[in-house]
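Each ligand, and each atom within it, is numbered from 1 in the order the structure gives. One-based numbering along the sequence shown.
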Amino acid sequence: MTERTSDIEKAAGVLRAGGLVAFPTETVYGLGANAEDSAAVARVFQVKGRPPSHPLIIHIGGGEHLGDWVEDVPATARLLAERFWPGPLTLVLRRGSRVPLEATGGLETVAVRVPDHPVALALLSAFGGGVAAPSANRFGSVSPTTADHVCAELGDAVDFVLDGGPCQVGVESTIIDATGDTPGVLRPGGVTREDLEAVLGRPVAVHSTSRVRVPGQHPSHYAPRARVVLVEPEKVVAEAEFAQQLGHQVGVLLPPSFAGAPVKAHAVVAVPGSMAAYARGLYGFLRELDQRGCGLIIASLPVERGLGLAIANRLRRAAGPRPSE
Ligand code: TXA
Ligand code: MG
């Protein structure tokens with residue numbers, strides 16, 4: 001933990017005063033506000049440029065507080081909370097009266113999680129309440145995984161930035177609809193479907209790729225400035241070189257099977273073979289290719305197992321149609 005106690009106290013004070021604090025979690029950096037302060041929550045939407053109908057996740061300091069924020073805790077939700085918190089799992093449950101409708105985008109359900117990061121947990125403990133926080137990026141763009149990314153995205157619009165070093169998971173939490181008896185994944189993330197199935201002892205459906213069930217998910221999300229084009233892994237090099245010849249500034253996410261191969265492109269990032277390392281690096285790679293001036297990124301999808309499911313979901317959405325299209 002790189003933050004000092006005085007910084008944590010200062011950040012908690014900013015939250016109490018209705019301000020916004022960017023803070024590290026194990027997944028990505030969050031842009032936090034006092035979840036019970038409607039005006040502060042409204043500012044989060046404004047700073048992000050996010051439509052107010054898109055609900056936020058409420059971060060709490062421990063699973064024992066879950067009942068304070070939701071109407072009831074079904075047995076399955078309790079099991080998941082006990083098994084995966086603190087950790088990259090978000091439970092969607094029926095909204096408790098303490099949660100303002102501003103935080104849920106008007107929904108009668110609320111998303112809650114306990115982040116697994118010492119700085120986030122210290123902040124939540126010092127503050128004492130719930131912190132409503134989306135990822136600390138502008139709406140639709142790549143989530144920040146370092147404090148520098150937050151400053152580059154949001155600059156002075158944030159009242160205080162806690163620096164907890166680079167995020168260890170690197171992709172957002174898995175969101176589970178836990179309102180009914182059969183929980184389903186609304187957004188794949190840091191907790192894998194396989195881990196969920198092992199704990200629940202049955203198959204878990206992933207809704208996100210079939211139908212848009214999570215409000216606030218637009219086709220293009222998690223997107224760098226450069227256009228992202230997905231091709232089969234064995235075609236990445238040929239497609240990249242072709243596009244470069246056509247005059248594009250091409251960035252390449254080079255699959256492990258091509259490791260070390262020379263590629264005639266503007267910028268090349270070698271994708272790690274381990275899915276955990278790929279997830280940790282993914283958003284940084286996309287930012288790096290933007291920074292190096294790429295106009296086009298050629299990439300392929302990993303096998304959709306384990307963390308590969310979340311990585312593929314983010315790449316697909318980065319490659320989705322842009323709002324102007
Ligand atoms: O890892 C994470 O989840 C990060 C860190 C900061 O905790 N947060 C994050 O927040 O990714 P955000 O706002 O970028 O994404 C939250 C997602 C949105 O897609 C939103 O639609 C969904 O959670 N969500 C929130 N409340 C919901 C609800 N009641 N029902 C369904 N989806 C909900
Ligand atoms: Mg986000």
Side-chain angles (χ1 to χ4, degrees), residues 20-33 35 41 44-45 47-60 69-71 77 84-96 99-117 119-121 123-124 130-145 149-150 153-154 162 164 167-180 183-191 207-208 211-223 279 283 310 313-314 317-318:
L20 304 189
V21 173
F23 63 99
T25 79
E26 78 281 33
T27 58
V28 301
Y29 274 71
L31 175 63
V41 168
V44 170
F45 286 94
V47 163
K48 260 188 83 88
R50 175 163 166 153
S53 58
H54 296 189
L56 306 180
I57 294 174
I58 299 194
H59 297 69
I60 59 174
W69 299 93
V70 302
E71 191 57 40
F84 292 106
W85 283 354
L89 183 75
T90 295
L91 297 174
V92 172
L93 291 163
R94 287 177 55 215
R95 181 179 68 90
V99 181
L101 282 166
E102 281 81 359
T104 70
L107 293 175
E108 287 303 334
T109 53
V110 61
V112 185
R113 88 176 188 100
V114 180
D116 186 14
H117 192 292
V119 172
L121 290 172
L123 175 66
L124 289 164
V131 173
S135 49
N137 53 281
R138 300 222 173 254
F139 182 61
S141 82
V142 176
S143 299
T145 50
H149 294 168
V150 175
E153 282 273 335
L154 301 175
L162 283 169
C167 301
Q168 289 304 300
V169 175
V171 291
E172 297 82 350
S173 61
T174 301
I175 301 179
I176 292 268
D177 176 355
T179 51
V185 172
L186 300 176
R187 177 181 72 182
V191 168
H207 302 295
S208 66
R211 214 168 286 269
V212 177
R213 285 216 35 205
V214 181
Q217 290 208 343
H218 278 235
S220 167
H221 216 101
Y222 313 106
Y283 292 143
N313 170 271
R314 303 307 188 270
R317 298 173 63 82

- Message: Counting only nitrogen or oxygen atoms and a 3.5 angstrom limit, does Thr27 reach ligand 1?
- Response: yes
- Item | Atoms of ligand 1 close to Glu172 [distance to a heavy atom under 4.0 angstrom, numbered from 1] | 1 (O), 2 (C), 11 (O)
- Query: Are His54 and ligand 1 in contact, using a heavy-atom cut-off of under 4.0 Å?
  - Reply: no
- Nearest 0.5 Å please: distance from the OG1 atom of Thr90 over to the CG atom of Asp177. 12.5 Å
- Can you list the ligand 1 atoms lying under 4.0 Å from a non-hydrogen atom of Thr109? 28 (C), 29 (N), 30 (N)
- Item | Contact with ligand 1 for Ile175, non-hydrogen, under 4.0 angstrom | yes
- Hey, looking at atom 18 (C) of ligand 1, which of His117, Arg50, Arg94, Arg95 has the closest heavy atom? Arg50
- Query: Within a strict 4.5 Å, meaning less than it, do heavy atoms of the Val185 and Ile176 side chains meet?
  - Reply: yes
- Counting distance only, does the side-chain N/O of Lys48 pair as donor-acceptor with the main-chain N or O of Ala136 below 3.5 Å? no
- Note on the structure: NE2 (His221) and OG (Ser135) are apart, to the nearest 0.5 Å, by 6.5 Å
- Task: Of the side chain and backbone of Leu107, name the one, both, or neither that has a heavy atom under 4.0 Å from an atom of ligand 1.
- Result: side chain
- Item | salt bridge (Lys or Arg N to Asp or Glu O under 4.0 Å) partners of Glu102, counting only residues at least two apart | none
- For His59, the ligand 1 atoms whose distance to one of its heavy atoms is below 4.0 Å: 5 (C), 6 (C), 7 (O)
- Query: Between the candidates Gly170, Pro55, Ser53, which shows the shortest non-hydrogen contact distance to atom 24 (N) of ligand 1?
  - Reply: Pro55
- Task: Indicate, with yes or no, if the rings of His149 and Tyr283 have centres closer together than 6.0 Å.
- Result: no
- Counting from 1 in the order shown, the ligand 1 atoms closer than 4.0 Å to a non-hydrogen atom of Leu56 are 25 (C), 26 (N)
- Query: Which of these, Ile58, Val70, Leu101, sits in a side-chain contact (heavy atoms from CB on, under 4.5 Å) with Arg95?
  - Reply: Leu101
- Query: Just by distance, do the side chain of Arg187 and the backbone of Ser173 share a donor-acceptor pair under 3.5 Å?
  - Reply: yes
- Query: Is there at least one pair of N or O atoms, one from Thr90 and one from ligand 1, spaced under 3.5 Å apart?
  - Reply: no
- Determine yes or no for a side-chain-to-main-chain donor-acceptor pair under 3.5 angstrom, with Arg50 supplying the side chain and Pro55 the backbone. yes
- Note on the structure: Per-atom filter on ligand 1: closer than 4.0 angstrom to a heavy atom of Ser173 are 1 (O), 2 (C), 3 (O)
- Does a side-chain N-to-carboxylate-O contact under 4.0 Å join Arg113 and Glu172? no
- Task: Kindly write out the residues that satisfy ring pair (Phe, Tyr, Trp, His ring centres under 6.0 Å) with Tyr29, not counting sequence neighbours, or none if the list is empty.
- Result: none
- Enumerate the residue pairs fulfilling salt bridge (Lys or Arg N to Asp or Glu O under 4.0 Å) with a member in residues 132-143, sequence neighbours excluded, ordered by first and then second residue. none
- Item | Tyr29 N/O under 3.5 Å from ligand 1 N/O | no
- Query: Between Arg113 and ligand 1, does any nitrogen or oxygen pair lie at a separation below 3.5 Å?
  - Reply: yes
- Nearby protein N/O/S atoms (those under 2.8 Å) for the Mg ion (ligand 2), with water ignored: Ser135 OG
- Message: Keeping Thr25 on the side-chain end and Thr27 on the backbone end, is there a donor-acceptor pair under 3.5 Å?
- Response: yes
